[in-house]
Amino acid sequence: MTLGRTLSKVLLAACLLIGSLWMSGCSSTPETDAERQARWQQGNLTSWEIQHGIGPVVEDIKLAAVDNALAERGKAIFVQKCATCHYLDMKKTGPPLRDVAKRRSPEYVMNQILNPEQMGKMHPDGRQLVAQYAQFMTIQGITRDNALELLDFLRSEAGNPAVPMEQQPGFGTPPPPPTADAK
Amino acid sequence: MKRTLIVAMGFVLSIIGIAAIFGGCSPKKEVGGFGDAAEKVYVAPGSYDEFYAFMSGGFSGQVSVYGLPSGRLFRVIPVFSVDPEKGYGYSEETKPLLMTSHGFVPWDDAHHPQLSVTDGQSDGRWLFINGNNTPRIARMDLTTFETVETIEIPNSGGNHGSPFLTPNNEYVVASTRFSVPIPQQDVSISSYKENFKGTITFISVDSVTGRMKIAFQILVPGINYDLSRSGKGPSHGWSFFSSYNSEQANTQLEVNASKNDKDFIAAVNWKLAEELIAQGKGQDWTASHYHNYMDDADVGQSEVLNSVKVLVAKDHPGLMYYLPTPKSPHGCDVDPSGEYIVAGGKLAALIPVHSFSKFKKAVEGNEFEGEFDGIPIVKYESVIAGEVKDPGLGPLHTEFDGQGFGYTSMFLSSEIVKWKIGTWEVVDRIPTYYSIGHLMIPGGDTKQPYGKYVVALNKITKDRYLPTGPELTQAAQLIDITGDKMKLLLDFPTIGEPHYAQALPATMIKDRSVRWYPIAENKNPFAIKAENESRIERDGKTVHVYMSTIRTHFVPDNIEGIKVGDKVYFHVTNLEQDWDVPHGFSVMGATTSELLVMPGQTRTLLWEPKMAGVIPFYCTDFCSALHQEMQGWIRVSS
């Protein structure tokens with residue numbers, strides 16, 4: 001009995017020692033990409049990541065006021081690459097995006113655009129949206145600069161009142177029923 | 001207390017001991033008496049094979065792509081065949097690739113894949129293959145694994161000795177198996193000796209684009225030119241062709257073309273031919289032929305060319321020689337050094353090996369034994385380097401391992417025979433199941449073979465697989481050649497008859513594979529770059545539908561105003577920009593096939609509605625959870 005108790009004490013002490021060495025080892029060096037990926041795979045997201053999403057953006061972005069030139073370029077990208085699946089004011093393949101820059105942090109918007117697959121698989125909000133729309137957001141080959149342009153476009157639209165669909169040529173309007181009738 | 005501790009420690013140690021015995025030291029499992037074969041061909045889930053192997057599909061007109069050593073099939077590339085799975089030969093963009101002077105020919109017999117080469121070694125850029133029946137050569141792009149070009153060979157009958165490359169893709173070389181009147185004329189078949197000729201065609205390959213063009217043809221005596229290899233190293237500048245039917249028989253060839261003790265290997269000096277053409281010695285012959293290619297916009301184009309430059313072999317001394325070779329030779333293979341030319345005399349009881357240096361000396365010393373139809377015949381004793389005696393029955397083809405050995409397939413005795421270059425002695429043999437035709441060592445026809453495996457490409461399968469009615473799968477066998485003794489590792493089925501095959505290390509191709517096409521660079525004239533560009537345009541009875549597709553909808557998905565008798569072109573652009581997300585498109589009653597559109601690509605389907613009503617269309621390639629929702633309707637009015 002005494003031996004058993006002694007042994008278990010020794011074991012406990014050893015475990016604590018090894019554990020503390022390991023913990024201190026982890027906290028003193030910054031997390032590598034591989035470690036981060038492994039952690040996401042396990043579903044262990046930090047509170048920052050819950051709020052701001054997972055992806056290439058891992059730190060706060062300092063934003064200036066909306067840059068109109070950037071927003072214009074963002075609008076062109078939106079028409080080409082996003083409007084296939086998103087309207088501003090109603091559901092399409094994906095959710096409406098009028099207020100997304102108000103509802104979500106800039107980092108979150110960036111990560112959703114740049115890392116849609118992992119956002120849909122590993123982020124709780126992303127998973128919920130995939131379940132709701134039965135669809136992962138598609139990868140559209142968007143660069144980080146493009147994403148910043150899109151962000152300014154979405155910021156410029158956020159808070160504006162909804163616009164009737166027919167007044168949103170390009171990205172808002174469901175196409176009129178096409179016809180092959182001779183004109 | 002102490003005793004308890006000792007007992008506990010003893011217990012722990014014995015557990016460790018037992019674990020070690022069962023874990024690390026257990027004997028390796030043998031499967032069916034094949035030793036560690038299973039381990040050697042096992043590629044763990046998610047891992048990659050070491051080699052890509054490209055196998056001819058024979059009379060399926062395709063090429064199939066396998067991994068070695070696993071024998072797993074990755075891809076079937078339609079070449080001289082229509083393929084409804086991929087819409088190849090059905091989409092408006094790909095139809096032109098199957099055009100010939102005989103019209104649209106959606107089938108051929110594809111025998112010999114050849115990987116493009118730089119300095120005599122595979123470079124992983126393109127794959128060429130011949131169409132034997134309606135003479136053609138095709139080029140596949142190995143970044144997309146798609147057929148991108150075909151060229152018809154005029155003045156040819158049976159494009160079998162084809163497409164064999166010179167060491168830097170200077171030329172794709174093609175020879176005629178069936179001599180015919182050239183140019184064609186309406187003559188008695190029994191006038192064979194008088195009227196029938198063969199040709200050897202040299203097709204240039206643009207070193208950047210790969211684009212092919214017939215550079216010149218050589219008109220040669222009317223016998224069968226069966227297979228070919230080009231020289232390398234010391235024999236660079238020459239091409240060699242096995243030939244048979246030197247009897248010039250025109251009926252019952254099995255008897256009448258097997259009479260002579262020796263036929264020939266033809267040696268052709270293509271460097272000299274180049275000079276003669278440059279000097280204007282080529283004759284301009286009218287010879288209509290099609291050249292088809294995917295243009296910069298990824299749209300198939302056909303052009304009809306009307307003439308070729310022809311050199312008549314017997315008019316140009318030094319251009320061509322015959323090397324006597326027993327007996328009805330089939331294979332004609334050059335060793336990695338370029339010195340030896342090995343013939344597979346399918347009716348011979350030996351494997352004759354010619355020496356290039358002896359051949360050159362013999363020509364310089366005028367050591368000729370006569371002429372055949374104006375072509376000098378070099379004395380056999382003057383060119384022969386050695387004979388592999390009693391190798392087996394029916395020697396056909398030889399590949400090399402780069403370690404000083406040749407491996408020859410024996411059709412009649414169903415085996416591979418390994419022999420030593422220089423001593424010509426047989427050192428090993430292994431049975432194949434059954435009736436091996438070609439064989440292939442990765443890089444085994446190049447300057448530096450990867451001598452790890454030989455693949456037997458068998459003509460007959462018989463009892464090797466579960467029976468499937470009268471027709472059985474074609475098959476290949478993977479054999480380990482790293483040791484002194486060849487060891488059979490694996491049987492695996494192939495698509496169509498695997499005549500010849502080629503293989504190269506996967507690292508030379510895999511990282512250059514295209515994943516999708518950038519939509520901004522799509523130059524198809526009917527492409528749309530965004531959903532809001534989708535539209536319908538009518539021009540008389542022709543209707544163009546500019547349609548987009550992305551997970552999970554088509555735009556437009558309701559189409560009205562189509563009339564019975566219209567020709568409706570659906571130009572479907574896939575707006576996805578991600579790997580492995582093609583979309584399909586099909587319309588009820590379409591007499592073609594579906595389209596399969598890669599991300600960023602545009603493909604066009606022609607549909608001619610025959611009755612009024614509302615016709616559905618849908619996506620055929622399961623793309624996402626809402627794939628079943630990817631559908632639409634077309635209203636057809638009378």
Side-chain angles (χ1 to χ4, degrees), chain A residues 1-8 10-11 75-87 91-94 113-118 120-121 127 129-143 146 165-166 168-183, chain B residues 1-5 8 515-520 528-553 555-563 566 568 575-579 581 599-600 623-630 632 634-637:
Chain A
M1 291 294 269
T2 324
L3 174 71
R5 233 174 274 150
T6 317
L7 265 178
S8 57
V10 169
L11 276 174
K75 181 176 175 180
I77 296 166
F78 189 90
V79 167
Q80 185 174 60
K81 301 202 167 193
C82 311
T84 50
C85 299
H86 295 281
Y87 295 133
K91 279 185 184 178
K92 199 181 176 188
T93 315
I113 293 170
L114 294 171
N115 192 30
E117 211 166 284
Q118 287 193 317
K121 280 180 186 160
R127 285 166 63 103
L129 281 170
V130 169
Q132 185 183 345
Y133 287 88
Q135 181 98 295
F136 282 93
M137 192 166 121
T138 62
I139 292 169
Q140 283 287 315
I142 291 173
T143 64
N146 290 161
M165 300 306 274
E166 59 274 16
Q168 299 184 36
F171 55 87
T173 323
T179 171
D181 287 335
K183 294 206 172 85
Chain B
M1 283 200 292
K2 250 188 193 168
R3 234 183 86 204
T4 321
L5 192 59
R515 296 185 168 201
W516 68 89
Y517 301 96
I519 187 74
I528 51 178
K529 305 295 174 67
E531 211 165 73
N532 66 335
E533 294 172 23
S534 61
R535 62 192 184 276
I536 299 174
E537 290 176 359
R538 174 179 282 283
D539 176 14
K541 280 186 166 295
T542 300
V543 178
H544 293 281
V545 180
Y546 294 72
M547 182 179 276
S548 69
T549 175
I550 194 167
R551 282 164 286 173
T552 37
H553 51 270
V555 178
D557 66 356
N558 282 204
I559 297 170
E560 301 211 350
I562 302 290
K563 301 259 190 319
D566 280 347
V568 184
L575 294 176
E576 304 274 0
Q577 292 288 273
D578 194 6
W579 199 15
V581 198
C623 55
S624 61
L626 296 171
H627 164 76
Q628 294 298 88
E629 280 70 15
M630 249 182 118
I634 308 157
R635 178 179 173 185
V636 181
S637 308

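In what follows, chains carry the letters A, B, and so on, assigned in the order in which the sequence lines appear, proteins first and then strands, with residues in each chain numbered from 1.
- Both the backbone and the side chain of B/L575 come within less than 4.5 Å of a heavy atom in chain A.
- Of the atoms belonging to A/T138, heavy atoms from both backbone and side chain fall under 4.5 Å from chain B.
- A/K81 contributes atom NZ, which lies 10.0 Å from atom CD1 of B/I550 (distance to the nearest 0.5 angstrom).
- With chain A as the partner, the residue from B/I519, B/I634, B/V545, B/T552 showing the most heavy-atom pairs under 4.5 Å is B/T552.
- Summarising the geometry of A/I139 relative to B/R551, their closest heavy-atom pair is N-NH2, 4.5 Å, with the distance given to 0.1 Å.
- Residue A/Q140 touches chain B through both its backbone and its side chain, counting heavy-atom pairs closer than 4.5 Å.
- Here the side chain of B/H553 pairs a donor or acceptor atom with the backbone of A/T84 at under 3.5 angstrom.
- For B/E533, the CD atom sits in a packed shell: over 12 heavy atoms of surrounding residues, nucleotides or ligands are nearer than 6.0 Å.
- Note on B/R635, B/E576, B/H544, B/E629: by heavy-atom pairs under 4.5 Å with chain A, the leading option is B/E576.
- Scanning all heavy atoms of the two residues, the minimum distance from B/A625 to A/A134 falls at CB-O, 3.2 Å.
- The two residues B/A530 and A/Q80 make their nearest non-hydrogen contact at CB-CA, 3.7 Å.
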